[in-house]
Engineer: 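Take this structure first; my questions come after.
Chain letters run A, B, ... following the sequence lines, proteins first and then strands; every chain starts at 1.
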Protein chains: 2
Amino acid sequence: MTDESQLRRQVVEAADRLFYAHGVQAVGMDAVRAEAKVSLKRLYSLFASKDDLVIEVLRFRSRQWDTGIAATAEGARTPREKLLAVYDFLGLWFEQDGFRGCAFINSFGELGGVSPRVAEVVRRQKADFQRYVADLVAQTGAPPSLAPQLALLAEGAQTTAAIAGDSAAAADARRAAETLIDAALAAGAAR
Amino acid sequence: MTDESQLRRQVVEAADRLFYAHGVQAVGMDAVRAEAKVSLKRLYSLFASKDDLVIEVLRFRSRQWDTGIAATAEGARTPREKLLAVYDFLGLWFEQDGFRGCAFINSFGELGGVSPRVAEVVRRQKADFQRYVADLVAQTGAPPSLAPQLALLAEGAQTTAAIAGDSAAAADARRAAETLIDAALAAGAAR
DNA sequence: TACAGTAGAGAACGAACGTTCTCTAGGCAA
DNA sequence: TTGCCTAGAGAACGTTCGTTCTCTACTGTA
């Protein structure tokens, strides 16, 4: 049982590496098998189909994102700093070797039009992030309309960094976020 | 000759519809043939391979984007209004039936990892847009650092609207852009 | 009418892929 | 040791897809 869940994780991580680097459809199940160092039989005993594996990989990425964001927020004290920490987190990520954008956005572009399950997982992930930002915005006392604006910056930074191959988008987004937060707080205070 | 270029356009538009709706790899050349109402032989006499067709479709989208943005800017007088018109353009696009995000971002996610040609076309398209925004920013007199911030909002709006299936992202981006532009101009004036 | 050339329809080919099946070797109980 | 069960390696199967080939019908010309 523990052995099985450990194997599942091993396969999911291997598939995640390959899917992220090359795209889902460009990676065959045999390549996943080789990367995960499992037999094809075992692979199909752990996941009924490639579709199921793809969904599991996305859920895995989702958990990774959550813990990464939470860890970065740890180092920040005020809600404002926690919000800005999101962009610092993005900056570190963009610098990593093999960064190729947001796996959810990529998967949505590739499979969202044909796989409702993929579309749903991606939608949920993005909705969760919107909620996370909205909570922090509420804690700053700024009006709720600030939250989607800050989320837009984060989404835009991910695609821009991926396509331009330049991590500067994180710093750009952070500076824009500072301006927006300060303006929102000033507008609130003036009222 | 004119006949040939007209046929090419007919095929490119058909392929664009299918690729955009379902993703490139989910659409076979036979489906393109059916949608374009051409024979397979003719199809391959117009485009040497599916790869070539994909590139041509992206270039077609690129021209469409350029003319769309230019047309929207027509109705605006000041550089500031031209910048904000970008988000109005996005808003109209998001409302259209079958909107499924930015074709360049989608293609990059699907094929960027395996096709350098696709990655290059996407990169160029996004760089052109950055330049367009930077030109307008310069005309407003705001510091150049404002430009990538405004571009981030546009990129983020496209993915957010696609995934959430909600066109509100355009209005969010527009409001954020107004705030950023005003803040940048105020900071410049204060100096 | 006879014929050459062209283009369409779609069959055919070869490769790749998701999935299943077969064969074999190794471990373990009796 | 003998027999049984499991699991790995990878062959095999059925399908899909990109691309090419074949056959047929039609057009225009002499």
Engineer: Mark yes when over 12 heavy atoms from residues, nucleotides or ligands other than A:Arg124 sit less than 6.0 Å from its CZ; otherwise mark no.
Structural biologist: no
Engineer: Looking only at heavy atoms, what is the nearest atom pair of B:His22 and A:Val114, with distance?
Structural biologist: O-CG1, 3.6 Å
Engineer: Taking atom P of D:dT19 as reference, at what distance in whole Å does atom CZ of B:Arg33 sit?
Structural biologist: 15 Å
Engineer: Can you give me the N/O atom pairs linking the protein to nucleotides 18-23 of chain C at distances under 3.5 Å, or say none if there are none?
Structural biologist:
unit_1 : atom_1 : unit_2  : atom_2 : d
C:dG18 : OP1    : A:Lys50 : NZ     : 2.5
C:dG18 : OP2    : A:Met29 : N      : 2.7
C:dT19 : OP2    : A:Tyr44 : OH     : 2.8
C:dT19 : OP2    : A:Lys50 : N      : 2.9

Engineer: Ring-plane angle category for A:Phe89 and A:Trp65, please: parallel below 30°, perpendicular beyond 60°, tilted otherwise.
Structural biologist: perpendicular
Engineer: Here's a test for you: under side-chain hydrogen bond (donor to acceptor under 3.5 Å, both in side chains), which of B:Gln10, B:Arg9, B:Arg17 qualifies with B:Glu13?
Structural biologist: B:Arg9
Engineer: How many whole angstroms separate atom CG of A:Leu53 from atom P of C:dC17?
Structural biologist: 15 Å
Engineer: Taking the six-membered ring of A:Phe19 as reference, does the cationic atom of A:Arg61 (NZ for Lys, CZ for Arg) lie under 6.0 Å from its centre and within 45° of its axis?
Structural biologist: no
Engineer: Can you tell me the distance, in whole Å, between the NZ atom of B:Lys37 and the C1' atom of C:dA9?
Structural biologist: 16 Å
Engineer: Are the side chains of B:Arg174 and B:Asp88 in contact, using a 4.5 Å heavy-atom criterion?
Structural biologist: yes
Engineer: Take the protein atom CG of B:Leu43 and the nucleotide atom C1' of D:dC17, then report the distance between them rounded to whole Å.
Structural biologist: 13 Å
